Amino acid sequence: MLVASAFDFSDHKAAAYAPQMTLDMYLAFPEDASKLIEVVDGWIVRCESAEPSHQAIQLNLLIAIREAAGLRDRAKQSCHRVLGDMDVLIADSPKLHFRRPDVVVYRCIDDDRGRWGRKPIAADCLIAVEIVSADSITTDIRDKRAEYAAASIPHYWIVRMTDNDGPAISVERLLLTSDGEYTREGLAIRGRDFHAIDTISPFPLKLTWEALDEGL
């Protein structure tokens, strides 16, 4: 097996010649290059830079969810972090597999846990949110749905945009069932529902379409 030291990562294209991306290789990857990829079953998946509309919706969701999670944490004396574009480890063996949700809610991690440090693993996560772009339709709706369910992430929210480029047109909230599959917990559609998000699960949150689209 090739290891990170076998490659000169000053040119990240060298990783394309590796039989698979391992955790050692990824940890040796330059930071500017690592932000552009996910790794699925050892294979590098290039992530395109998000369009401004995608980034605006992502920021608005992050702020709203962070505030709602904070209110619950203070009431329940729990602790969660709400971040965007954070690596979530699904598996490190036999092949490296991680995703980077647009927004992720995960329990606070106080100490480094080996080579993954303080970044979350799937078992830490409460919610994963993906905003569908033109180049991620199949990945977000089919692939990540299956991966997040298999990784036992309790809640998966999918945001669709008009023509996949904003403004937001629907928000689907999926809940993991006891048989390990997602079932629809809620579906908000613009023009039909006043709120883009109106839920008490996993914590109370109401967000209008206008608030979701702010900054577009």
Side-chain angles (χ1 to χ4, degrees), residues 38 54-92 97-132 140-141 144-160 168 170-190 193-215:
E38 294 175 321
H54 181 289
Q55 293 191 35
I57 292 172
Q58 179 184 17
L59 177 61
N60 296 332
L61 269 173
L62 193 155
I63 292 171
I65 295 173
R66 178 178 288 167
E67 181 178 349
L71 287 173
R72 192 194 75 158
D73 281 344
R74 288 190 287 274
K76 300 291 186 180
Q77 296 185 329
S78 54
C79 182
H80 290 83
R81 299 195 186 282
V82 183
L83 296 173
D85 297 319
M86 170 60 67
D87 295 350
V88 174
L89 184 65
I90 295 175
D92 62 356
H97 192 145
F98 73 84
R99 290 293 193 176
R100 188 177 294 114
D102 289 316
V103 180
V104 62
V105 182
Y106 65 96
R107 67 177 181 83
C108 295
I109 302 165
D110 296 325
D111 301 306
D112 287 351
R113 296 178 302 184
R115 293 175 296 167
W116 199 244
R118 298 189 186 185
K119 292 192 292 187
I121 62 175
D124 299 318
C125 297
L126 180 62
I127 307 175
V129 183
E130 298 288 359
I131 302 163
V132 179
D140 291 339
I141 293 176
K144 290 186 179 180
R145 175 174 178 154
E147 291 170 31
Y148 292 161
S152 299
I153 297 177
H155 299 267
Y156 180 34
W157 297 356
I158 302 172
V159 180
R160 298 294 302 265
S170 70
V171 179
E172 183 178 17
R173 293 181 292 104
L174 302 172
L175 176 66
L176 192 68
T177 62
S178 58
D179 62 1
E181 300 288 341
Y182 281 126
T183 187
R184 180 181 290 172
E185 187 176 36
L187 174 64
I189 299 175
R190 195 181 199 112
D193 302 296
F194 179 76
H195 288 97
I197 300 174
D198 185 357
T199 184
I200 59 172
S201 175
F203 39 68
L205 173 60
K206 287 188 178 182
L207 186 67
T208 65
W209 297 102
E210 292 73 20
L212 184 57
D213 291 338
E214 186 177 353

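Since this is a predicted model, take the numbers as computed values, not measurements.
- The salt bridge (Lys or Arg N to Asp or Glu O under 4.0 Å) pairs that include a residue from residues 78-90 are D87-R100, D87-K119, where partners are two or more places apart or lie in different chains.
- I65 and V129 make their closest contact through CD1-CG2, 4.2 Å (heavy atoms, listed as atom of the first residue, atom of the second, distance).
- For the atom pair CD1 of I158 and CD of E130, the computed distance is 8.5 Å after rounding to the nearest 0.5 Å.
- Taking every heavy atom of both residues into account, A196 and V171 meet most closely at O-CB, 3.5 Å.
- To the nearest 0.5 Å, the span separating CG on D92 from CZ on F98 amounts to 12.0 Å.
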Pair V103, I127 - check side-chain contact (heavy atoms from CB on, under 4.5 Å), show working. CA-CA 8 Å; V103 180; I127 307 175; over 6 Å; no
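- Using a cutoff of 4.0 Å between basic side-chain nitrogens and carboxylate oxygens, D102 and K144 are not scored as salt-bridged.
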(message) Quick one, L71 with F203, criterion side-chain contact (heavy atoms from CB on, under 4.5 Å). Give me CA distance, side-chain angles, the key distance, then yes/no.
(response) CA-CA 9 Å; L71 287 173; F203 39 68; over 6 Å; no
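- Residue I197 comes nearest to L61 through the heavy atom pair CD1-CD2, 3.6 Å, listed as atom of the first residue, atom of the second, then distance.
- When the options I109, D110, D111 are evaluated for a side chain to side chain contact (heavy atoms under 4.5 Å, CB included) with R113, the one that passes is I109.
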Q: Could you give me the CA-CA distance, side-chain angles and deciding distance for I121 and W116, then say whether side-chain contact (heavy atoms from CB on, under 4.5 Å) is met?
A: CA-CA 8 Å; I121 62 175; W116 199 244; 4.1 Å; yes
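- Residues meeting the side-chain hydrogen bond (donor to acceptor under 3.5 Å, both in side chains) test with H155, sequence neighbours left out: none.
- Note that NE2 of H54 and CD1 of I131 are 4.5 Å apart. Values are rounded to the nearest 0.5 Å.
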(request) Go through the steps to decide whether D213 and R190 satisfy the test side-chain contact (heavy atoms from CB on, under 4.5 Å), and finish with yes or no. (result) CA-CA 11 Å; D213 291 338; R190 195 181 199 112; 2.5 Å; yes
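- Remark: Y106 pairs with no residue by the ring pair (Phe, Tyr, Trp, His ring centres under 6.0 Å) rule, at least two apart or across chains.
- Across every non-hydrogen atom of A122 and I153, the tightest pair is O-CG1, 3.9 Å.
- Within the structure, no pair that satisfies the salt bridge (Lys or Arg N to Asp or Glu O under 4.0 Å) test touches residues 60-79, not counting sequence neighbours.
- By the side-chain hydrogen bond (donor to acceptor under 3.5 Å, both in side chains) test, S152 pairs with no residue at all, sequence neighbours left out.
- For A168 against I57, the heavy-atom pair with the smallest separation is N-CD1, 3.9 Å.
- In this structure, T199 OG1 and E185 CD are separated by 5.0 Å, a value rounded to the nearest 0.5 Å.
- Nearest heavy atoms, P120 versus C125: CB-SG, 4.3 Å.
- With values rounded to the nearest 0.5 angstrom, R160 atom CZ is found 11.0 Å from L187 atom CG.
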N/O donor-acceptor pairs under 3.5 Å from side chains in residues 204-211, not counting sequence neighbours:
{"unit_1": "T208", "atom_1": "OG1", "unit_2": "A211", "atom_2": "N", "d": "3.1"}
{"unit_1": "W209", "atom_1": "NE1", "unit_2": "D193", "atom_2": "O", "d": "2.7"}

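- Expressed to the nearest 0.5 Å, how far CZ of R145 lies from CG of L174 amounts to 4.5 Å.
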